[in-house]
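Both backbone and side-chain heavy atoms feed into the values below; hydrogens, waters and symmetry mates do not. For ligands, and for the atoms within them, numbers begin at 1 and follow the listed sequence. This structure is a prediction, so every number in the text was calculated from the model and none was measured.
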Amino acid sequence: MRGRFITLEGGEGAGKSTLVKALESWLAERGRDVVVTREPGGTPGAELLRDILLTGATDRWSPVTEALLMYAARVDHVERLIQPALERGAFVICDRFADSTLAYQGTAGGVPAERIRQIHAASLGGFHPDLTLVLDIDPRIGMQRTLDRGESATRFERLGLDFHNRLRRAFLDIAAADPERCVVIDAGQSPENVAGSAISALEARLGQIA
Ligand code: TMP
């Protein structure tokens, strides 16, 4: 039996990491083989690309180059980790995937969505998640959360509230355009309620899990 590919998307400080852990425990308690991973990254080569993508000046790469590097990392990740896990029947939970390229490099960075879809089709064909959970949060609350946990607000400060509001809109538009695959979750709720909403979505969308 082929496994299931679940992606988590949304702005910064939306609580993706906390939700990944909650879903991992919930699935493991039901006896499922669970693989948790993230993008950019997830394999040694893709983690190397993550380093060069997330460090340095914000304008280190042109938006198109950044999209291509994201896809270079993504192809390695899909071919070497995600696909083999799905083939052995695992549930793969991935913190960010292709929708982040559409939102960050596309809507926020100015690369036309059609160009990103062409890159996707050329490198991964019709490979898409079975379910995408979009964690939606007011960027001001997201920023406060990252400050509260002692993380530097550098990325937020560099990119600005306007950028984060555009990102939020981009993720909501992606979800609205693909309601079969995407579920929007109010990430302003308590972590317990966010996990509860995500589990309900898994049960409703992925059928029998236990
Ligand atoms: P995160 O691990 O904190 O979510 O950081 C990953 C960063 O990389 C985040 O700022 C979003 C960004 N990103 C893109 O710009 N495009 C992509 O395709 C992906 C996967 C992430």
Using 4.0 Å as the upper bound for N to carboxylate O, is an ion pair formed by Arg4 and Asp130?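 Arg4 and Asp130: not salt-bridged.
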
Identify, with sequence neighbours excluded, every residue that meets salt bridge (charged side-chain N to carboxylate O under 4.0 Å, His left out) alongside Glu24. none

Applying a heavy-atom cut-off of 4.0 Å, say which part of [X] lies close to ligand 1: side chain, backbone, both or neither.
X: Glu39; answer: both
X: Pro40; answer: both
X: Arg50; answer: side chain
X: Leu54; answer: side chain

Whether Arg166 engages the ring of Phe163 as a cation-pi pair (distance to the six-membered ring centre under 6.0 angstrom, angle to the ring normal within 45°) should be assessed. no

Glu66 to ligand 1: N or O pair under 3.5 Å?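 Between Glu66 and ligand 1, no N or O pair is found under 3.5 Å apart.
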
Does ligand 1 come near enough to Asp95 that some N or O of the ligand is less than 3.5 Å from an N or O of the residue?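 Looking only at distances, the answer is no, because the N/O contact criterion of under 3.5 Å is not met.
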
Any Gln105 heavy atom less than 4.0 Å from ligand 1: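 So Gln105 counts as touching ligand 1.
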
Ile137: hydrophobic cluster co-members (side-chain, 4.5 Å): Ile141

Please compare His77, Arg96, Met70, Arg38 and report which has the shortest non-hydrogen distance to atom 17 (C) of ligand 1. Met70

Leu133 vs Leu23 side-chain heavy atoms within contact, under 4.5 Å: yes

